[in-house]
Amino acid sequence: MFKYENLKNEFILDGKIQRDIKLFDSLANFNISATTGQTITLENRKKNRYTFIRVIYTGKISDGLKRILCENSFIRIYGKLDSEQYIDRNGKTVYNKILHATKICKLVSDQEGNITEIEVD
C-alpha cells in the first residue's frame, strides 16, 4: 500500500536574489529568479525564461547570511515548496509559489563556469 509519509518535499534551487529583501532578527523574506528554460524571440534570438519564487527563511540571521542576502546575489536554497493564493485589489486571484528555506548558501562561479557552494557562518 502507498504511504504518504514516505513522500518528500525537498528542493534545491539556485538563482539570483531580486530587490525588496526584508530582514528581521529571525526571518528573511525575498524573491529569487531562477532560469527555467529558453525561448526564441521574434528576432530569432535565444532568451532565458525566468520563474520568480518567494523565499521565506526562519532561523538565525547571522552576519554572514546578512552579507549574502542582497540584490543580485547568486545563492543556493535548500527547502520545502509551498503555495499561497489571494485575491488582489482588482479582484484577480494571484497564485504564488513559496520556498520555505532551511539552508541558504552562496554560489560562486569560476572562469570555466564551474559553480562552487560556500556555506555561510
Side-chain angles (χ1 to χ4, degrees):
M1 171 170 246
F2 183 77
K3 294 183 179 182
Y4 286 103
E5 60 267 11
N6 293 334
L7 295 178
K8 292 189 179 202
N9 178 1
E10 296 175 349
F11 278 80
I12 301 172
L13 181 67
D14 297 346
K16 287 198 174 186
I17 297 178
Q18 303 301 298
R19 62 190 116 156
D20 298 332
I21 303 149
K22 295 175 182 77
L23 294 176
F24 304 97
D25 290 337
S26 59
L27 174 77
N29 183 356
F30 56 92
N31 289 311
I32 188 168
S33 67
T35 306
T36 54
Q38 289 188 334
T39 186
I40 304 293
T41 66
L42 293 174
E43 296 83 25
N44 204 25
R45 294 183 186 156
K46 287 184 180 180
K47 181 180 175 185
N48 285 339
R49 186 175 58 238
Y50 298 95
T51 296
F52 296 89
I53 297 176
R54 185 170 153 218
V55 177
I56 296 175
Y57 173 80
T58 55
K60 183 176 185 284
I61 309 293
S62 67
D63 289 337
L65 189 56
K66 283 180 187 176
R67 279 193 296 276
I68 69 166
L69 292 181
C70 57
E71 188 175 345
N72 289 323
S73 284
F74 189 34
I75 62 171
R76 175 168 290 156
I77 301 168
Y78 295 84
K80 297 182 180 294
L81 191 63
D82 199 355
S83 64
E84 71 176 359
Q85 73 180 51
Y86 62 91
I87 298 175
D88 69 8
R89 59 184 111 154
N90 299 322
K92 182 180 174 187
T93 303
V94 177
Y95 301 93
N96 287 325
K97 297 294 179 223
I98 301 171
L99 187 56
H100 289 278
T102 55
K103 179 180 173 184
I104 300 173
C105 299
K106 180 181 176 108
L107 292 178
V108 209
S109 60
D110 63 17
Q111 294 185 354
E112 288 86 37
N114 301 314
I115 296 173
T116 305
E117 175 182 304
I118 300 173
E119 292 208 24
V120 180
D121 58 352

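Side chains included, hydrogens not; waters and symmetry mates left out as well; all remaining heavy atoms used.
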Are [Y] and [X] connected in a single hydrophobic cluster, I mean Ile/Leu/Val/Met/Phe/Trp/Tyr linked by side-chain heavy atoms less than 4.5 Å apart?
X      : Y     : result
Ile56  : Ile77 : no
Ile68  : Ile17 : yes
Leu23  : Val55 : yes
Tyr57  : Ile98 : no
Val120 : Ile61 : yes

Main-chain N/O of [Y] paired to [X] side chain as donor or acceptor, under 3.5 Å:
X      : Y      : answer
Thr93  : Ile87  : no
Asn9   : Leu81  : yes
Asp110 : Glu112 : yes
Thr36  : Arg49  : yes
Thr41  : Arg45  : yes
Thr39  : Lys47  : no

*Does the side chain to side chain contact (heavy atoms under 4.5 Å, CB included) test come out yes or no for Ser26 and Thr58, once each step is laid out?*
CA-CA 6 Å; Ser26 59; Thr58 55; over 6 Å; no
_Under 4.5 Å side-chain linkage, directly or through intermediates, the cluster mates of Phe52_ = Tyr50
_More than 12 heavy atoms from other groups under 6.0 Å of CD on Gln111_ =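 Result for CD/Gln111: open.
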*Take Phe74 and Val108 through the test side chain to side chain contact (heavy atoms under 4.5 Å, CB included) and record every step on the way to the result.*
CA-CA 7 Å; Phe74 189 34; Val108 209; over 6 Å; no
What is the distance from atom [atom1] of [X] to atom [atom2] of [Y], rounded to the nearest 0.5 Å?
X      : Y      : atom1 : atom2 : result
Asn31  : Ile53  : CG    : CD1   : 9.5 Å
Lys80  : Thr102 : NZ    : OG1   : 7.5 Å
Cys105 : Ile118 : SG    : CD1   : 9.5 Å
Ser73  : Ile21  : OG    : CD1   : 7.0 Å
Leu69  : Asn29  : CG    : CG    : 11.0 Å
Leu65  : Lys106 : CG    : NZ    : 11.5 Å

*Begin with the C-alpha distance, continue with both residues' side-chain angles, and end with the deciding distance and a verdict on side chain to side chain contact (heavy atoms under 4.5 Å, CB included) for Thr116 and Leu107.*
CA-CA 6 Å; Thr116 305; Leu107 292 178; over 6 Å; no
_Salt-bridge contact Lys103-Glu119 (side-chain N to carboxylate O under 4.0 Å)_ =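 Looking at Glu119 together with Lys103, the answer is yes, because their closest N to O distance falls below 4.0 Å.
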_The test is side chain to side chain contact (heavy atoms under 4.5 Å, CB included); show your working for Asp20 and Phe30 and say whether it passes._
CA-CA 6 Å; Asp20 298 332; Phe30 56 92; over 6 Å; no
_Identified side-chain hydrogen bond (donor to acceptor under 3.5 Å, both in side chains) counterpart of Asn96 within the set Gln85, Glu84, Arg54_ =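 Going through the options one by one, the only one that passes is Glu84.
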